[in-house]
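Everything numeric here is computed off the predicted structure, so don't read it as measured data. Counting starts at 1 for both ligands and their atoms, in listed order.
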Amino acid sequence: MTVRPLDLNETELASACERLSLGHEAWSADGIMETMQRNGYYFGAFLGAEFVGHAGFTAVADEGYITNVAVLPQFRRNGAATELTKALISKAKELKLSFLTLEVRESNSAAIALYEKHGFLRVGLRKRFYSEPTEDAIIMTLNF
Ligand SMILES: CC(C)(COP(=O)(O)OP(=O)(O)OC[C@H]1O[C@@H](n2cnc3c(N)ncnc32)[C@H](O)[C@@H]1OP(=O)(O)O)[C@@H](O)C(=O)NCCC(=O)NCCS
């Protein structure tokens with residue numbers, strides 16, 4: 001598996017992956033592209049030429065906000081998200097960010113386990129942050 005920066009012409013692949021993975025919470029291809037052109041850093045995972053998944057964060061001053069990590073269902077449990085998360089952490093360190101942070105549905109045990117494996121700690125809760133279904137968000141942060 002290869003992980004490399006996502007190209008601007010691959011944002012539709014990423015958006016489609018988010019629609020499959022996250023439903024109405026998916027970012028549009030245009031939204032991802034605008035973010036990449038501004039302050040966003042996105043990486044794609046590929047098996048050969050085939051898109052497997054992606055992850056990204058935005059950088060604001062020395063703060064990093066993970067927008068999403070998503071892997072196509074048929075490629076899960078193969079380490080793609082692990083490699084993508086490593087790429088995010090490595091880029092954040094290169095940019096000398098102070099931390100990476102994110103919100104995750106409290107029922108999303110797969111994602112929470114993934115982030116905990118990479119050293120993210122549960123630092124807070126946003127009550128009723130998500131809709132359809134309404135759910136609290138756990139805030140997880142990795143400090144550098
Ligand atoms: C969460 C997600 C990105 C994980 O992708 P993945 O490529 O399957 O993850 P990996 O194979 O790299 O697994 C890394 C670790 O994550 C955890 N994990 C992944 N899937 C899991 C599952 N179904 N149940 C429990 N833990 C899981 C495990 O700790 C795993 O390590 P292990 O394989 O040594 O047990 C994927 O399930 C996904 O796209 N989900 C939908 C989108 C989403 O929820 N994104 C996060 C939004 S905040």
Side-chain angles (χ1 to χ4, degrees), residues 1-7 9-36 38-60 62-95 97-144:
M1 190 177 316
T2 314
V3 171
R4 58 156 173 82
L6 201 68
D7 281 346
N9 63 10
E10 291 168 334
T11 55
E12 184 49 59
L13 288 171
S15 179
C17 176
E18 292 197 13
R19 285 195 297 276
L20 271 175
S21 302
L22 296 153
H24 70 281
E25 283 157 19
W27 284 46
S28 68
D30 284 350
I32 295 171
M33 187 180 298
E34 280 164 26
T35 304
M36 285 169 69
R38 225 174 36 237
N39 59 344
Y41 298 85
Y42 275 77
F43 294 86
F46 297 85
L47 268 180
E50 194 168 10
F51 176 90
V52 166
H54 67 288
F57 69 84
T58 58
V60 181
D62 67 339
E63 304 176 356
Y65 296 88
I66 293 183
T67 52
N68 256 325
V69 179
V71 173
L72 288 171
Q74 65 271 32
F75 294 114
R76 288 184 190 159
R77 299 310 306 250
N78 270 313
T82 299
E83 295 308 312
L84 287 163
T85 307
K86 281 186 196 164
L88 297 186
I89 292 170
S90 163
K91 188 70 194 178
K93 285 182 175 168
E94 182 191 319
L95 295 171
L97 301 187
S98 297
F99 61 80
L100 274 175
T101 191
L102 59 94
E103 290 111 6
V104 56
R105 280 185 181 268
E106 65 174 356
S107 63
N108 194 346
S109 49
I112 292 168
L114 166 74
Y115 299 130
E116 283 181 334
K117 250 182 115 170
H118 290 275
F120 285 75
L121 299 176
R122 299 169 191 236
V123 296
L125 197 71
R126 284 196 220 289
K127 290 298 240 181
R128 303 172 65 83
F129 181 77
Y130 293 105
S131 59
E132 297 173 60
T134 302
E135 192 173 344
D136 297 347
I138 296 177
I139 305 168
M140 300 186 74
T141 300
L142 175 65
N143 286 303
F144 297 119

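- The heavy atom nearest to atom 13 (O) of ligand 1, considering only T82, T85, N68, is found in T82.
- Close contacts of ligand 1 with G79, meaning ligand atoms under 4.0 Å from a residue heavy atom, involve 10 (P), 11 (O), 12 (O).
- H54 NE2 to L13 CG: the interatomic distance, rounded to the nearest 0.5 Å, is 10.0 Å.
- Remark: minimum distance from atom 38 (C) of ligand 1 to any protein heavy atom is reached at R76 NE, 3.4 Å.
- At least one side-chain heavy atom of L114 sits under 4.5 Å from a side-chain heavy atom of V69.
- Here the OG1 atom belonging to T101 is positioned 8.5 Å from the CG atom belonging to N143, to the nearest 0.5 angstrom.
- Looking at R105 against ligand 1, nothing comes within 4.0 Å, counting heavy atoms.
- Heavy-atom contacts of N78 reach the following atoms of ligand 1: 11 (O) (cutoff under 4.0 Å).
- Of the options L84, I89, T82, a side chain to side chain contact (heavy atoms under 4.5 Å, CB included) to K86 is made by T82 and by none of the others.
- Near K117, meaning under 4.0 Å from any of its heavy atoms, are these atoms of ligand 1: 29 (O), 31 (O), 32 (P), 34 (O).
- When heavy-atom distances to ligand 1 are checked against a 4.0 Å cut-off, L102 has no atom that comes that close, whether in backbone or side chain.
- Note on ligand 1: Y115 sits in its first shell, one or more heavy atoms being nearer than 4.0 Å.
- Atom 30 (C) of ligand 1 has as its closest protein heavy atom R77 NH2, 4.0 Å.
- Taking the six-membered ring for Trp and the full ring otherwise, the centers of F46 and F51 sit less than 6.0 Å from each other.
- Residue W27 holds its CH2 atom at 14.5 Å from SG of C17, rounded to the nearest 0.5 Å.
- Heavy-atom proximity to N108, at under 4.0 Å, picks out these atoms of ligand 1: 43 (C), 44 (O), 46 (C).
- For atom 9 (O) of ligand 1, the nearest protein heavy atom (residue, atom name, distance) is A81 CB, 3.4 Å.
- By the 4.0 Å N-to-carboxylate-O rule, E135 lies too far from R126 to be salt-bridged with it.
- You'll find the side chain of L95 reaches within 4.5 Å of the side chain of Y41, heavy atoms only.
- Atoms of ligand 1 lying under 4.0 Å from at least one heavy atom of S21, given by number and element, are 41 (C), 42 (C).
- Just one residue in the list Y65, F57, Y115 forms a side chain to side chain contact (heavy atoms under 4.5 Å, CB included) with L102, and that residue is Y115.
- Considering A45, A110, A26, A70 only, the shortest heavy-atom separation from atom 18 (N) of ligand 1 involves A110.
- Using a 4.0 Å cut-off between a side-chain N of Lys or Arg and a carboxylate O of Asp or Glu, R105 and E25 qualify as a salt bridge.
- In terms of polar-atom proximity, defined here as any N/O pair under 3.5 Å, V71 does make such a contact with ligand 1.
- Residue-ligand proximity: E103 is placed with a non-hydrogen atom under 4.0 Å from ligand 1.
- Atoms of ligand 1 found under 4.0 Å from any heavy atom of V69 (numbered from 1 in listed order, with element): 3 (C), 42 (C), 43 (C), 45 (N), 46 (C).
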